[in-house]
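Notes follow the structure.
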Amino acid sequence: MKHIFILKPDTSKSLVNCIVSLMQGKRYELRYTKDLDDARKIALSYQDEKEVCRLYAIGGDGFVHKVVNGMVGSFHELVVIPQGTGNDFARSIYKNLDAIKILKESLNKQARPIDVIQCKEDLYCINVFCCGLDADVGNLVNTNRKTTLFPRIMQYSLTILDKIFHLKFYPTDIYTYNKDIYQGNVLICTFCNGHYFGGGYQAGYYSSLEDGMIDMSVVPEISKKELPYYLKGLITNTLHKTKKFQHFKEDDVWVKTNQYVNIDGEKYEPGTYHLKCLHKKIQLVY
């Protein structure tokens, strides 16, 4: 097996030194990215390799998202080494987010097949696809991440507080081949494979990486007087216990919105997305 480490140019020297030390006697490559999308291109370049390669995505959620989008369709294995500000997908699969500990333990683990959500023909989601307030906030935090010194979870919390004073609801349609699931304005709207978004807020209360289903949570438009109640639910990870919370599970669904959506922490255009759960399509080491 060949070990492919996909890294950002500013990856910590201590982690790089650890990789070099652990890989002595093994076949490995260090591949540094030029920009975020380069992570996808590097992963894609191994699609035609005949032997199994283990690809290490060393970064945050957006970085993992790009690596996954270059891996779908191959038989290669993925290892997620959290080195971002949110690390929300990593929270779904690890109890401890210590990068070096995860790296060392991965060497003794076998890959297990997990689901991935196809959003468009060449676009995939491994963690959470969202629209509504959560997408608005996620996109804004993502845009401002290089201009603030606050940790991501604090950035997310502060941005939520700012957004609730300028609350905006977006019309959203969710439907399958033979039924309408939801039509109307949304406050929160998530389609989950993983569990967390925004640096630790829970989104997929009932999601699973292996059940072949997309876990959907919707909170419709609310009044201003209801806002503190739902804000508390979001912050305390008890949103699923609130009165208007709606939960659905489907393996194939369309979502239509005029809002910029957020997929695994990355911003994408408004429009209609056909979400399909591709069952056990990625080999993940965890």
Side-chain angles (χ1 to χ4, degrees), residues 1 3-8 11 15 18-19 22 39-40 43 52-72 74-119 124-130 134 138 152-153 156 190-217 237 240 249 262-266 277-286:
M1 178 183 291
H3 300 263
I4 313 299
F5 294 88
I6 306 177
L7 316 94
K8 296 180 180 179
T11 301
L15 180 55
C18 180
I19 291 170
L22 288 172
R40 182 189 66 85
V52 174
C53 295
R54 183 166 281 192
L55 275 61
Y56 298 75
I58 303 178
D61 293 303
F63 196 87
V64 174
H65 170 73
K66 294 294 185 179
V67 172
V68 167
N69 273 267
M71 287 184 66
V72 174
S74 74
F75 49 77
H76 301 316
E77 301 175 355
L78 171 68
V79 181
V80 174
I81 307 294
Q83 284 287 280
T85 49
N87 301 315
D88 287 306
F89 182 68
R91 294 174 196 275
S92 294
I93 59 176
Y94 302 130
K95 292 181 179 179
N96 186 304
L97 296 185
D98 182 272
I100 292 177
K101 184 173 186 286
I102 289 170
L103 173 59
K104 289 179 178 178
E105 291 180 350
S106 74
L107 298 176
N108 298 313
K109 291 182 178 179
Q110 299 295 316
R112 295 159 54 186
I114 67 161
D115 304 337
V116 66
I117 300 172
Q118 183 175 22
C119 305
Y124 303 90
C125 167
I126 194 170
N127 190 41
V128 176
F129 175 110
C130 58
D134 32 333
R152 189 177 182 89
I153 187 68
Y156 198 91
T190 61
F191 302 81
C192 302
N193 193 42
H195 294 290
Y196 301 97
F197 71 144
Y201 291 100
Q202 197 160 2
Y205 294 93
Y206 308 104
S207 61
S208 166
L209 293 172
E210 303 173 4
D211 66 352
M213 303 295 284
I214 302 169
D215 190 83
M216 298 176 281
S217 298
N237 289 335
H240 61 305
K249 270 187 180 284
N262 189 284
I263 306 175
D264 295 341
E266 296 300 306
C277 183
L278 305 184
H279 190 39
K280 296 187 175 180
K281 199 68 173 179
I282 290 284
Q283 296 292 324
L284 179 68
V285 180
Y286 71 111

Please confirm whether the backbone N or O of His65 pairs with a side-chain atom of Asp264, one donor and one acceptor, at under 3.5 Å?
-> no
With sequence neighbours excluded, tell me which residues meet side-chain hydrogen bond (donor to acceptor under 3.5 Å, both in side chains) with Asn237.
-> none
Within the side chain of Thr190, is there an N or O that forms a donor-acceptor pair under 3.5 Å with the backbone of Cys192?
-> no
Before giving the answer on side chain to side chain contact (heavy atoms under 4.5 Å, CB included), spell out for Lys281 and Asp115 the whole-Å C-alpha distance, their side-chain angles and the decisive distance to 0.1 Å.
-> CA-CA 6 Å; Lys281 199 68 173 179; Asp115 304 337; over 6 Å; no
Taking the side chain from His76 and the backbone from Cys53, do they hold a donor-acceptor pair closer than 3.5 Å?
-> yes
Would you call Leu15 and Phe5 a side-chain contact if the rule is heavy atoms closer than 4.5 Å?
-> no
Do any N or O atoms from the side chain of Arg112 and from the backbone of Lys280 form a donor-acceptor pair under 3.5 angstrom?
-> no
Residues, nucleotides or ligands: over 12 heavy atoms within 6.0 Å of Lys101 NZ | no
Is there a side-chain contact between Ile81 and Val79 (heavy atoms, below 4.5 Å)?
-> yes
Does any N or O in the side chain of Asp61 come within less than 3.5 Å of the main-chain N or O of Phe89, such that one atom is a donor and the other an acceptor?
-> yes
For Gly198, does its backbone N or O pair with a side-chain atom of Asp88 as donor and acceptor, under 3.5 Å?
-> yes
Please examine the side chains of Cys130 and Phe191, heavy atoms only from C-beta on, and report whether any two atoms are closer than 4.5 Å.
-> no
Quick one: are Tyr56 and Ile4 in side-chain contact, heavy atoms under 4.5 Å?
-> no
Where Lys249 and Tyr206 come nearest, the two heavy atoms and their spacing = NZ-O, 3.1 Å
